[in-house]
Number of protein chains: 2
Amino acid sequence: MSTSSATGGVEGGIEDRRDQIITVAGRLLEEQGPDGVTMRAIAAELDIRAPSLYKHIADKRELEVALIADAFRQQAEAFEEAAQAGEDTIEAFAARYRVWALEHPHLYRLMTDRPLPRSELPEGVEARAARPLVEAFAGSIDHARAAWAFAHGMVTLEIAERFPPDADIDAAWRVGFAAIASSTKPAIPNR
Amino acid sequence: MSTSSATGGVEGGIEDRRDQIITVAGRLLEEQGPDGVTMRAIAAELDIRAPSLYKHIADKRELEVALIADAFRQQAEAFEEAAQAGEDTIEAFAARYRVWALEHPHLYRLMTDRPLPRSELPEGVEARAARPLVEAFAGSIDHARAAWAFAHGMVTLEIAERFPPDADIDAAWRVGFAAIASSTKPAIPNR
DNA sequence: CGATATGGCTAACGGCGTTAGCCATATCGA
DNA sequence: TCGATATGGCTAACGCCGTTAGCCATATCG
């Protein structure tokens, strides 16, 4: 059952349709936001009727889980790409995090809004996306979590347009990340 | 048909209908989450039918705006209460922020999830709730925003149960806030 | 006393996710 | 080759949702 990952191709036809459905759902999410992702809209895009979707997926939630798994993969790739490009500093990580989230705001919210359906996610997917951050703060998991929370807070507030229009968001990023990053270097006693 | 039974089920003085509706909506939100706040449920609570609600409010959005305004007031009161109790440190502010958010998770999300309907909010309501933080970081608005983002990130991740079950959330709060708070204290004359 | 405003009501619309049940086609075992 | 079965479509419909239209009893007021 555990919904093998998309490219598995182990069994036949169903997997194809299922992948199409997930792909379309993802596209609708990015283009129109969560309200655009309706079973009827997905079906229309595939030239079938909504009830037929249920021959391939159990319910809408399963669709969301698949999108979340995909989002983790995308995010991880973005980070790994950065690492390969030699950008392995905490600041580079922060920049990638922000850029990815702002490029996929609906997907980002989908994957952070609610409790993670960990048992239904392909294993390792969460850890893989988190690894760069954890490594960057190798010394302290608490600092890693603080940094994550800061980045997440900045990103969600920016996505939700909660900063005043004249706010210098770049400056807040710089100041916040510098504070958290520098406080974890034990070599530097203090400032 | 209709009834002279004036005692519906809600009490609390001589509110007009509009206030009753908002009160009930707020209670449903806190007790059952956003999915529990339906026009039919609100109406049922007041022993009327859903369409009658529209004699008092324009639409559901207006209801949400009212709840958001209320949430800001509550939050501001919580902070001011802390100040009067002599807790005016940044750390005390952080603690109050966290406690209030965790006590009203649905309300917190309602007020931070989406763009603020600033033009429809009573004036000053946002500034009042933000004042303690701004004052605590009097020197730097950027630090204030960074601190807010950190607190917001911590709180939303905690509400969404996104930290692993064994995570030491208190510790993350401590290191994060200490880092941001301390980076602004040692008079860094700048910006 | 009559006009008007207020605040209920029922019926209904179009949307949602989802289920039930039907049917054509493809596949496969005997 | 034939029949059973699985697959993946379909329509109809259910019970929700927010919302509108239109009716009507009561209260208020000139």
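Protein chains get the first letters and strands the later ones, always in sequence-line order, with residue 1 at the start of each.
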Residues within residues 23-37 of chain A bordering DNA chain D, heavy-atom distance below 4.0 Å: none
Options dT10(C), dG17(C), dG18(D), nucleotide nearest the side-chain atoms of Met39(A): dG17(C)
Euclidean distance, atom CG of residue Leu53(A) to atom C1' of dG9(D) [Å, nearest integer]: 11 Å
Which residues share a side-chain hydrogen bond (donor to acceptor under 3.5 Å, both in side chains) with Glu80(B), sequence neighbours left out: Arg128(B)
Set of side-chain contact (heavy atoms from CB on, under 4.5 Å) partners for Asp59(B), sequence neighbours left out: Arg61(B), Glu62(B)
Between P of dG8(D) and CG of Asp47(A), the distance in whole Å: 17 Å
Note: Arg174(A)-Asp142(B) ion pair, threshold 4.0 Å (strictly below): no
Difference in axis direction between the ends of the helix from dC1(C)-dG30(D) to dA30(C)-dT1(D), five pairs, 10°: 10°
Contacting residues from residues 54-64 of chain B, given that a heavy atom lies under 4.0 angstrom of DNA chain C: Lys55(B), His56(B)
side-chain N/O Arg17(B) vs dG7(C) OP1/OP2, d < 4.0 Å: no
All side-chain contact (heavy atoms from CB on, under 4.5 Å) counterparts of Arg131(A), not counting sequence neighbours: Glu135(A)
Nearest-nucleotide pick for Arg40(A), side chain only, options being dT19(D), dG9(D), dC16(C): dC16(C)
Contact list for residues 33-49 of chain A, test side chain to side chain donor-acceptor pair (under 3.5 Å), sequence neighbours left out: Arg27(A)-Glu45(A)
Phosphate contact (dC10(D) OP1 or OP2) by Ser52(A) side-chain N/O below 4.0 Å: yes
Ala71(A): side-chain contact (heavy atoms from CB on, under 4.5 Å) partners, not counting sequence neighbours: Trp100(A), Leu107(A), Met111(A)
Criterion salt bridge (Lys or Arg N to Asp or Glu O under 4.0 Å) on Arg109(A) and Asp113(B), from CA distance to verdict: CA-CA 10 Å; Arg109(A) 291 192 52 151; Asp113(B) 249 10; 3.3 Å; yes
Sequence-distant partners of Arg98(A), side-chain hydrogen bond (donor to acceptor under 3.5 Å, both in side chains), two or more places apart: Glu158(A), Asp170(A)
Listed partners of Glu30(B) passing side-chain hydrogen bond (donor to acceptor under 3.5 Å, both in side chains), at least two apart: His104(B)
Value in whole Å for how far the P atom of dG7(C) lies from CZ of Arg49(B): 18 Å
Test side-chain contact (heavy atoms from CB on, under 4.5 Å) applied to Ala82(A) - qualifying residues, sequence neighbours left out: Glu87(A), Arg96(A)
side-chain hydrogen bond (donor to acceptor under 3.5 Å, both in side chains) against Thr89(A), all qualifying residues, sequence neighbours excluded: none
Per Ile48(A) side chain, nearest of listed nucleotides dC16(C), dC10(D), dT19(D): dC10(D)
